[in-house]
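Worksheet for the structure shown next.
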Amino acid sequence: MKKAAIWLALILVLPGCSGSWGWYVVNPYTSTGLTNLRFLADGLYYTILLSFSAIAISVVVGLLIALPGLSANRKLRGINRTYVEVVRAVPILVLILWVYYGLPQMANISISVFWAGVVALALSDSAFEAEIFRAGIQSINRGQYEAARSVSLSYPDTMRFVILPQAIRRILPALGNQLVYMLKMSSLVSVIGMQELTRRANELVVTEYRPLEVYTVLVLEYLALILVVSAAVRWVERRMRTDERF
Amino acid sequence: MVASETRPIIQIDQVSKYFGDFQALKDVSLEVALGERVVICGPSGSGKSTLIRCINQLEKHESGTIVVDDVELDDSKQSLNSIRAKVGMVFQQFNLFPHLTVIENLTLGPIRARKMSKTEAGEIAMRYLERVKIPEQASKYPRQLSGGQQQRVAIARSLCMEPSIMLFDEPTSALDPEMINEVLETMAELATSGMTMICVTHEMGFARRVADKMVFMDHGEIVEMARPDRFFEAPESERCREFLEKILQH
């Protein structure tokens, strides 16, 4: 980890010495550089808001789609499969364009850039969440259902108090993956004009003509954001494990 | 008095059960009186577990009737709920909830299904933990307990629902030998309290001591049914005699 950081610093600094880099556009010691940096970093707000709103919705929708997939009833399982196969087949970028430009016309509604982004990201991710939940729930031993039933728990109570707490512990790494994936995919919402990290970088490149430096800052922004989120996910994982005291 | 003692609380009549093409139960009939202790034994695959799992409908039977405490088991939700409220079950693999502490394992059913308050459920749970002699383990997680202790927690968890019938599905088969006795002691103590019990077990010492009725099953049928003294001294069928010889040898 430390070695990697040193290498990364070297890769960035060494070309700078050769004079082909123009770090002045994002130099925090000059006033324009500082303004540019602020402009770029402000996109963080919408990247985070967009991704976390989308993941919150997609986790709930994913769980609701997963449950019929676990049923003994063929028709219910069919609903699950159809949803997963159809939604999973649409590229996220296409879904963003369709929700923003197509959906308002079809449903005769107006939708903001932000909500179009949230809906498209959440929809797309929900199919994957559904599969993750289905796998997690299926991994729980049948005996747990039988024990829950033999102490008279209803199906919703069995899910809520017995099955899901155990399943979520098991799928936490996969859920963390999806969160990281979501943070990265939120960059696609820049195409419909969402003022998140990537859009801001694009706009700055247009005015400053320094794509190399601006996009490098963009890379570092995503890297920092995702490293923090990964650390947070691991912290949650550790905590959940300790109260089971393996 | 005699009449109430002999009133059948469970009536199983001509019950059959299939798993695909395999017939697990073949026209099985059995009556269990209130307060009676029945021990079912037989080789593996003989249908004994399936039979008791049909009693609380963890398995559905395809034909015949099962009546528990005057309620006939069908697919209706009412019959299912009424059965599960009356019948407790102890499993071979304990099936404790690993993410909950012992006390939470015990109170979950009473709080959610019986709408009991947390304190009331907690008091009842402690009473049963004392009865199975492990009140000091209340705040531990199942993993921290020995197999024997886990199974006693599982028994206490069932008792917290205050069932009138207890089913035991090979409760000591997954235990290390030195832990079998503590579980059997708990079961024997329960038997003296007048609980109706059906136990699938190969612990013949326990059966001899506790059972009112012995049932021997083979190939999905009840081959022999008798009082323990007759069952062990003079089994009528050849298959039962062979089976007893094999398991009593060691």
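In what follows, chains are A, B, ... by sequence order, proteins preceding strands, each numbered from 1.
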Give, as side chain, backbone, both or neither, the part of A:S152 having an atom under 4.5 angstrom from any heavy atom of chain B. both
Considering non-hydrogen atoms only, spot the tightest contact between A:V162 and B:H99 and give its length. O-CE1, 3.4 Å
Interatomic spacing from CD in B:Q93 to CG in A:N141 - rounded to 0.5 Å: 8.0 Å
Measure the spacing between CD1 of A:I140 and CZ of B:F97 and express it to the nearest 0.5 Å. 12.0 Å
Separation of A:S150 OG from B:I83 CD1 (nearest 0.5 Å): 13.0 Å
Please round to the nearest 0.5 Å and tell me the distance separating atom CZ of B:R112 and atom CG of A:D157. 4.0 Å
Between B:E59 and chain A, which part of the residue has a heavy atom less than 4.5 Å away: side chain, backbone, both or neither? side chain
Contacting moiety of B:M89, where chain A heavy atoms sit under 4.5 Å: both
For A:Q144 against B:L96, the heavy-atom pair lying closest together: NE2-O, 2.8 Å
Segment of B:Q57 engaging chain A (4.5 angstrom heavy-atom cut-off): backbone
Donor-acceptor pair, side chain of A:E146 and main chain of B:F91, under 3.5 angstrom: no
Write down the atom of B:R157, the atom of A:V151, and the distance for their closest heavy-atom approach. CG-CG1, 3.9 Å
Among B:L108, B:L167, B:N56, which has the most heavy-atom pairs under 4.5 Å with chain A? B:L108
Heavy-atom neighbours of A:N73 CG exceed 12 at 6.0 Å: yes
In this structure, are over 12 heavy atoms from other groups packed under 6.0 Å from A:R234 atom CZ? no
Taken to the nearest 0.5 Å, the spacing of B:L80 CG from A:R149 CZ works out to 7.0 Å
May I ask you to list the residues in residues 115-133 of chain B that approach chain A closer than 4.5 angstrom, counting heavy atoms only, ordered by number? none
Reported CG-to-OH distance for the pair B:N95 and A:Y145, which is rounded to 0.5 angstrom: 13.0 Å
Count the heavy atoms of every other residue, nucleotide or ligand shown that sit under 6.0 Å from NZ of A:K184, and state whether that count exceeds 12. no
B:V87 versus chain A, heavy atoms under 4.5 Å apart: side chain, backbone, both or neither? backbone
Between A:F161 and B:L100, the two heavy atoms sitting closest are O-CD1, 4.5 Å
